[in-house]
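Have a look at this one before I ask anything.
Below, chains carry the letters A, B, ... as their sequence lines are ordered, and counting in each starts from 1.
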Amino acid sequence: MTANIIDRKERPALDPKDFKGDVHPDWCPGCGDFGVLNCLQRVFAELGIPKHEIAVISGIGCSSNLPGFINTYGMHTLHGRSLPNAQGFKLSHHDMTVVAVGGDGDGYGIGVGHFIHALRRNMDLTYIVMNNSIYGLTTGQTSPTSAIGMKTKSTPFGNPEAPLNPITLALGSGASFVARAFTGNPKQVVEIYKAAIKHKGFAIIDTFSPCVTFNKVNTAKYYKDNTYDLNAAGHDTSNIEAAFTLAIKDTYGTDRIACGIFYQSERPCYEESEKNTLSTPVVDHQLGISPERAKELKATFQ
Amino acid sequence: MTANIIDRKERPALDPKDFKGDVHPDWCPGCGDFGVLNCLQRVFAELGIPKHEIAVISGIGCSSNLPGFINTYGMHTLHGRSLPNAQGFKLSHHDMTVVAVGGDGDGYGIGVGHFIHALRRNMDLTYIVMNNSIYGLTTGQTSPTSAIGMKTKSTPFGNPEAPLNPITLALGSGASFVARAFTGNPKQVVEIYKAAIKHKGFAIIDTFSPCVTFNKVNTAKYYKDNTYDLNAAGHDTSNIEAAFTLAIKDTYGTDRIACGIFYQSERPCYEESEKNTLSTPVVDHQLGISPERAKELKATFQ
Amino acid sequence: MANKNNVIVRIAGAAGDGIQSTGELLGKTCSRMGLHVLAYNSFQSAIRGGHVWLQMAIGPEKQTDHGEEPEVVLLFSKTSPPVHVPDVKSGGTVFYNAATIKKEEIESIRSDVNYYGLDLKAMADAAKLTEVNSVMINVMLAGAMVQTLNLDGKVTLEFIKHKFLKKGEKVVELNHAIFNLGFEWTKANTKPLNLNLKGNNIPKLFMSGNDAIGMGLVAGGLKFYAAYPMSPATGILHYVSTLAQSDKLIIKQVEDELAAINWAIGAGTAGVRAATGTAGGGFCLMVEALGFAGMGEVPLVTVLVQRGGPSTGVPTKIEQADINLAMGGNGDFPRFIVAPKDLEDCFYQSARALNIAEKYQLPVILISDFFLSEHFETVDDLDFSKIKIERGKLLTEWNSSEKYKRYAYTDDDISPRVRPGTPGAMHLTISDEHNEYGHLMSDIEAGLPHARAERIKMHAKRMRKVQLMIDNGDVKPPTLEGDTNAQITFVTWGSTYGYIKSAMKLLEKEGTKANHLHFTDIYPIPREQTLALFKKCKRIISVEANMCNSLCRQILAETGFEITEHINRWDGEPFTGEYIVNELKKKSIVDKQLVNA
Amino acid sequence: MANKNNVIVRIAGAAGDGIQSTGELLGKTCSRMGLHVLAYNSFQSAIRGGHVWLQMAIGPEKQTDHGEEPEVVLLFSKTSPPVHVPDVKSGGTVFYNAATIKKEEIESIRSDVNYYGLDLKAMADAAKLTEVNSVMINVMLAGAMVQTLNLDGKVTLEFIKHKFLKKGEKVVELNHAIFNLGFEWTKANTKPLNLNLKGNNIPKLFMSGNDAIGMGLVAGGLKFYAAYPMSPATGILHYVSTLAQSDKLIIKQVEDELAAINWAIGAGTAGVRAATGTAGGGFCLMVEALGFAGMGEVPLVTVLVQRGGPSTGVPTKIEQADINLAMGGNGDFPRFIVAPKDLEDCFYQSARALNIAEKYQLPVILISDFFLSEHFETVDDLDFSKIKIERGKLLTEWNSSEKYKRYAYTDDDISPRVRPGTPGAMHLTISDEHNEYGHLMSDIEAGLPHARAERIKMHAKRMRKVQLMIDNGDVKPPTLEGDTNAQITFVTWGSTYGYIKSAMKLLEKEGTKANHLHFTDIYPIPREQTLALFKKCKRIISVEANMCNSLCRQILAETGFEITEHINRWDGEPFTGEYIVNELKKKSIVDKQLVNA
Ligand SMILES: Cc1ncc(C[n+]2csc(CCOP(=O)(O)OP(=O)(O)O)c2C)c(N)n1
Ligand SMILES: Cc1ncc(C[n+]2csc(CCOP(=O)(O)OP(=O)(O)O)c2C)c(N)n1
Ligand code: SF4
Ligand code: SF4
Ligand SMILES: [Mg+2]
Ligand SMILES: [Mg+2]
């Protein structure tokens, strides 16, 4: 890793309160997203990243309101477009810490194409999906992670589609860091988010963040009862086949759901390929063309 | 499987020439897409499917011109949108055989979101991607399956992005039939396409179809030298973990590339969930509301 | 004072308080009594908390306005009083949930209204009811409202039974008891209002605009609806979803709007009546495929429900600023744009949209707005027998010895469309320029003399369908309603229709005569007929729920007629008659005031 | 007859024949001799085969027209003669590849032109050249052309050296030899044309419109370009890609157009100058995000290169029918639309677009067309020193004790924009309606009195930037060129500019005086100034490469002025001066002929 790509040396911890936004979250009392917000604030504080060096970038959805509640830079973009905005932002100012956040609909539904390409591109970003297996903001339709048969406003006779498995999808798409967390276990959430931000490359953390209002199936209790810590269970995070084998079990629905870091690899992050341009952050480059360079540019057409 | 969902009883073979379109292909001499076209015509003929019972539906790209060269129904839609059109068409006329075709840019680039959702939805469709690791029609830019470092018009200093692995992606997305073929081995192509069309559910066949004009790396010779038949090698197509292990090898680039059927499972196809509506093809339904039914509909608002 | 036969009421609380179901109890009571109701739903894009309110106008005649100052108000949440008490008409009545709202606090707001706090727990305990849940206050307050308005409580009890029966007899009984507590308490403890709300006892339909659009589509032969949820269009998806099994419809929530419209085009190509629907943001993603439907000559209906923009904007508020969007797309292609004006119109125009799409083989955009789609209203009847399904030149056989030409040049520029699956007529539906057979002309032949000639003809063939719709009388000029000698003509489109009716009544009382030129067909606009109507008008003022006069720009671009006086509203609330009259008065004083607000 | 100092030539064959490189040899020879060249590229959306031709006008003055009938023609492929020989000017000269084209066949087409077949193999064998490849016929035919046109062969030899040096000395030598064979053979065997093509010996730039746009963007401070390939906009991506390393630019081909524009918005938000570019179909996918840039007040340049539509349409042909599309989006938001008229303008307007985007914090659309973007032309010079980078209210520090307001209300409605990363000014860029701080107002507060007031103000603040651009003089009215007393005024936009210049010359010869009103700024249009210009005109005729008069509709909608006479062309070929003059003549005979074609 070259020195010019963001450097994660240890810094003194800050106060999580510092990261409290001006606006109180408008989530329903009990919404899992509070957990993600709290953990994220703790993680930034514990990693000691000054708030002006962070950008939190979301799409649209209940979960995507998060950047409004945290005291950092940020973007609240369009539904499904958090990752394109985050990648454009990151390359322009690569020494900032950029975290993309949003919902399962935002990231795995309308936005899944960008997700696939971001995974293989492996830019140094962290992506947190608040997965509640429902469309919250639009008041309860089926999402790409809703179970088969789930009754929602758009599927009154039961959801006919098999849910997408974000973990196997990410593993199949060239991800370099794949994890799953559950807001009911904030200690693990904090650990994983920290590891993700420190990871040099694209990190996806599918985070179970229950919707108390519209999803009566995938509740906090359900996850409490049905998840276990895969890392405690001794999984080798460098083994992608093992990670796939573990994750595909969800699809069969027989085993309990594994949480933790499934896979991490150290392939070069995207910024490495732009070393020359990123020797200083692009935002600090001088704009325009010198008279000498102008001559050269013109000469190629003469 | 209920009787109303398309039934694949054996039918007498037809003449492949029957499927020749009015227009001669405008592909470059030597283009791999000729191979796909020929094989597909043979497959339809050998399966004995009358040409008016078939729809071939594409996006935009050199490869997506295929429906213009085959004598069946079809659609030549928008770049990246073959699968949405094909799925809408199929549900409306589910007793037709629908085959979606297109390029790697069309299917794995701009269209990859639809691909992911089509895989988990598992409609009874066949999807053939003519993968040439390049954007042909737009005269040679990098595609999602171009190798790292490949120089193209849009990446004169080398492609910085890791290629997408269509097989692991499909396996990670709930696919029920995943295969790979190479036009240099038409016998295998025909076998696989037949199995795919017979498969009751969504079948994806990533088909190496070399671009002789813009891709000087992934040539026919390259594939001839670097592929092997995985089924001949005794792979168990019902074992998804084994399929993943086989396919992920491409990513390491150490082994030869496996061609054949990686995985096939018999989970219910999407049409099963619409049994009631699909008791007859929707195109044959009578339109509108009877006076009695109108009364009922209104009564729910009284 | 004679007993009033109409009233304006408001029900307000936080999201989650059950404002909708209270409104439903009241609305259904009225509609089943044969009264007319118009209910405006003001809510936010938040799931819990915030401020949600429902304002209803009730009376024996069709209501066209939800009015400004409510006369009776139900308040549910502790944050409600400061927002709503100031709006109450002087002398009006406020019932509130005494469990969340403090008597002293609410009464200190103003003294010229009557306050009554109802305490669910105390009253239920006194009546020895068990299993009472605090949200049931909404049934109790409904009881208070029904009594105060002097409505027929038996009708409400009947509806409660109908609604809760699936939850069991016990639940019905409990709700009946709580309703009666509210009803009787009010009878005993409050001053009667001199109201005489008399319905004709013929039950009406009480439904939303989205329901009416959904029903109109289904009545018009819809078989296929693919969509992605987006307020305020989601209600259509919700409604038609409920009919999927019973009416054998394919209703699909798909992965995004790009998918939704392309699924519908695939279905339309296959030969079923297909539609999709979304709001402006989602419609942006459909514009490319709209052009495909135009080029491929595929029948398609797209419902565009406008909300506050630009961008994500204000999801739960009205705006009428998406005509440019509906006119967008790359290159020129024929289309038809229609904007229903009220609930009945939502029903009939939706069915008409499907007919026009299929008859002319082109994309139709049915454009609604937040208010029209989301508000509830009573409708006397929807006459399904008026709907004739006309499929145009759709063929299910091809027996000619000639090779079938999907895009044949014909006298009227409409090509016979053979349904895929038919023996002997194989063809392509195609997004590239093509010849009569559907072979592409944009590829290896582009620029050659014959391809140029084909391009000129095929493009002109498609575009001439626009004039054909007009010539056939399938496109209507605007309607001019009211006195043709009026001093003022209001020009409107969409849901603003009703508010102009109220404004005209108010103005008439003051001696000002206004009439009303309303545009339902937004594109194309029959030019000569429209100009003839404008000629009859004196002072022309547009009234649009936007800042930049979306309709006026369209009228100017299509007819050359420029409207120079405008009343606009873009704070997200729908107009009211009163609002329009006030703006009209302000106009004479400071003309440009609003634009510089 | 005096020696002519200009000529029209054509080079034609199949895709893959090397038509482009022959054109390059000839073009560079001329431009290095200080001659002006305009080259129109007619090709298809096919990689091999088909018909590709390049028509070039050459002369000492700036060329504005590629002309109708070529005087010298090079033909490469056996399918070429029937297409191109009929177009040759009577008495003209045809050189052809004797290896693919049969003498008898070509000569039977017509007898009033001179035919010369060159046989590469025979001549190379005779000269004992080895390793000759059949595609090298293009170098030989270039030799014939350079000789026939009486150009300086040394200049061509020099350019060949420059071009092939990286392939080694041997390759250079071989190509030189083949060139000389063609050159000498022609000298010996053909009748000289009385041509005297004299340049000023100052080498010009010979480049495409896309090159000029790319260079203008980079000159204007572009640091970030994200795009998805789409003809005819891909050339911009190709050109700027070559500069990525040398000029430290981020150039990204991303997964689709949705990604492209959102990457650019992310970059613009971070504080770099960012752009994207596409054709109409891809632009459709960008319209939603355009509104986000409008709402979020993010500087953004989007290049929209028009091609034949609708839908996939005709990818390699011209059309000018995308103004409605550029005006689209959900809801109202401010934007600026500019259409360059020629190569120099591509350069300067691209830089201007970046300035306007950043000064007013809004999306700018630079609209080009297939011809403008893809044709090659000589340019005397591009003056980089004229380009001033103005970043508007961009701050990199925030030392105020006040809390930073990203969307502060200010006197001129432009809010100071602090670059993210700056201590103490944390804020959100947001697609929802918001207050000055960027807190969203569309959610839990929507509809409450303060949120309504904020909505009214914030929406008006954004929209007033449109008028501000005009008031500041940053938006220009159209330019009126030519005699103000002319009988006819042509109204145009985009690349049609040049063809009007030719038409005016032709008309002048015939004694008809025409002038020219050209629109560069397409939105907004300064109304009063524009109307004043129209007032000066007599007979106004628009000339647009479309069927439905995209610009006229825009002018009418924006100014109220209606143009009623039109010359249109939508067969995909660009206008020529001759074409326009012919149409004008036809007009007086049968007026509506074209529309009913
Ligand atoms: C283009 C577009 N389509 C649809 C919507 C409407 N919409 C807003 S949020 C949302 C989905 C919300 O679900 P999710 O992303 O899972 O977030 P959650 O609310 O569950 O946190 C949708 C469909 C939109 N804003 N934009
Ligand atoms: C929305 C949109 N964007 C871009 C294009 C331009 N385009 C046409 S084909 C193509 C890619 C072709 O690559 P691929 O799909 O791999 O097909 P191939 O030509 O290689 O067979 C692109 C980018 C388009 N037609 N539409
Ligand atoms: S609706 Fe669900 S996801 Fe949205 S805020 Fe409420 S609990 Fe959270
Ligand atoms: S460019 Fe490539 S993909 Fe396209 S037709 Fe030629 S060989 Fe085939
Ligand atoms: Mg969700
Ligand atoms: Mg390809």
Side-chain angles (χ1 to χ4, degrees), chain C residues 42 44-46 49-51 83 280-281 283-285 287-288 291-292 294-295 308-317 319 321-322 324-325 327-333 431-433 442-448 452 455-456 459-460 463 546-548 553 556-557 560 562 570-573 597, chain D residues 42 44-46 49-51 83 280-281 283-285 287-288 291-292 294-295 308-317 319 321-322 324-325 327-333 431-433 442-448 452 455-456 459-460 463 546-548 553 556-557 560 562 570-573 597:
Chain C
S42 179
Q44 295 91 29
S45 182
H51 291 271
V83 176
F283 193 90
C284 289
L285 299 175
V287 166
E288 188 197 14
F292 173 31
M295 181 62 123
S311 200
T312 310
V314 197
T316 60
K317 294 291 155 190
E319 195 172 356
D322 289 354
N324 272 1
L325 174 61
M327 291 295 294
N330 59 307
D332 294 315
F333 56 89
S431 70
D432 275 87
E433 191 56 282
S442 59
D443 205 332
I444 200 141
E445 308 184 78
L448 298 185
R452 268 150 44 193
R455 162 72 176 167
I456 292 172
H459 193 43
M463 288 314 298
N546 59 37
M547 180 176 170
C548 301
R553 188 180 199 275
L556 176 54
E562 184 163 13
W570 67 86
D571 66 351
E573 297 302 305
Chain D
S42 180
Q44 294 90 31
S45 181
H51 292 270
V83 177
F283 193 89
C284 288
L285 299 176
V287 166
E288 188 198 11
F292 173 31
M295 182 61 123
S311 200
T312 310
V314 197
T316 60
K317 294 291 153 187
E319 195 172 356
D322 289 354
N324 272 1
L325 174 61
M327 289 296 292
N330 60 309
D332 296 313
F333 56 90
S431 70
D432 275 87
E433 190 54 282
S442 59
D443 205 334
I444 199 142
E445 306 184 80
L448 299 185
R452 273 160 27 201
R455 162 72 177 167
I456 293 171
H459 192 43
M463 289 313 299
N546 59 36
M547 179 177 172
C548 301
R553 188 181 199 274
L556 176 54
E562 184 162 14
W570 68 87
D571 67 351
E573 298 302 304

Heavy-atom contact with chain C under 4.5 Å, split by part of D:Phe283: neither

What distance separates D:Thr312 OG1 from C:Asn330 CG, expressed to the nearest 0.5 Å? 8.0 Å

Which of the residues C:Ala557, C:Gly313, C:Ala321 is involved in the greatest number of heavy-atom pairs with chain D at under 4.5 angstrom? C:Gly313

So, taking the atom named CZ in D:Arg553 and the one named CG in C:Leu556, what distance separates them when rounded to the nearest 0.5 Å? 9.0 Å

So does D:Glu319 pair up with C:Arg455, basic N to acidic O under 4.0 Å?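 Counted as a salt bridge, because a side-chain N and a carboxylate O are separated by less than 4.0 Å.
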
Only pairs of heavy atoms separated by less than 4.5 Å count here; which of C:Ser42, C:Ala446, C:Gly308, C:Pro310 has the most with chain D? C:Pro310

Among D:Gly572, D:Gly447, D:Gly560, who wins on heavy-atom pairs under 4.5 Å with chain C?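 That would be D:Gly447.
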
Greatest number of non-hydrogen atom pairs under 4.5 angstrom with chain D, of C:Gly309, C:Pro315, C:Gly280, C:Ser431, falls to C:Ser431

Looking only at C:Gly328, C:Gly50, C:Gly281, C:Gly291, the option with the highest number of non-hydrogen pairs under 4.5 Å against chain D is C:Gly281

Looking at OG of C:Ser442 and NZ of D:Lys317, how far apart are the two atoms once the value is rounded to the nearest 0.5 Å?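 Between C:Ser442 OG and D:Lys317 NZ, I get 11.0 Å after rounding to 0.5 Å.
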
Chi angles and distances behind the side-chain contact (heavy atoms from CB on, under 4.5 Å) call for D:Asn324, C:Asn324: CA-CA 7 Å; D:Asn324 272 1; C:Asn324 272 1; over 6 Å; no

Kindly compute the distance separating CH2 (C:Trp570) from CZ (D:Arg452), expressed to the nearest 0.5 Å. 14.0 Å

Bottom line for C:Glu445: the part with an atom under 4.5 Å from chain D's heavy atoms is backbone

Could you state the interatomic distance from CG (D:Leu325) to CE (C:Met327), rounded to the nearest 0.5 Å?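 Those atoms lie 12.0 Å apart.
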
Against chain D, work out which of C:Asp432, C:Val287, C:Leu448 has the most heavy-atom pairs shorter than 4.5 Å and name it. C:Asp432

Distance in Å, C:Asp571 CG paired with D:Ile456 CD1, rounded so as to fall on 0.5 Å steps: 4.5 Å

Heavy-atom pairs under 4.5 Å with chain D are the metric here; pick the option from C:Thr316, C:Asp332, C:Val83, C:Val314 that has the most. C:Asp332

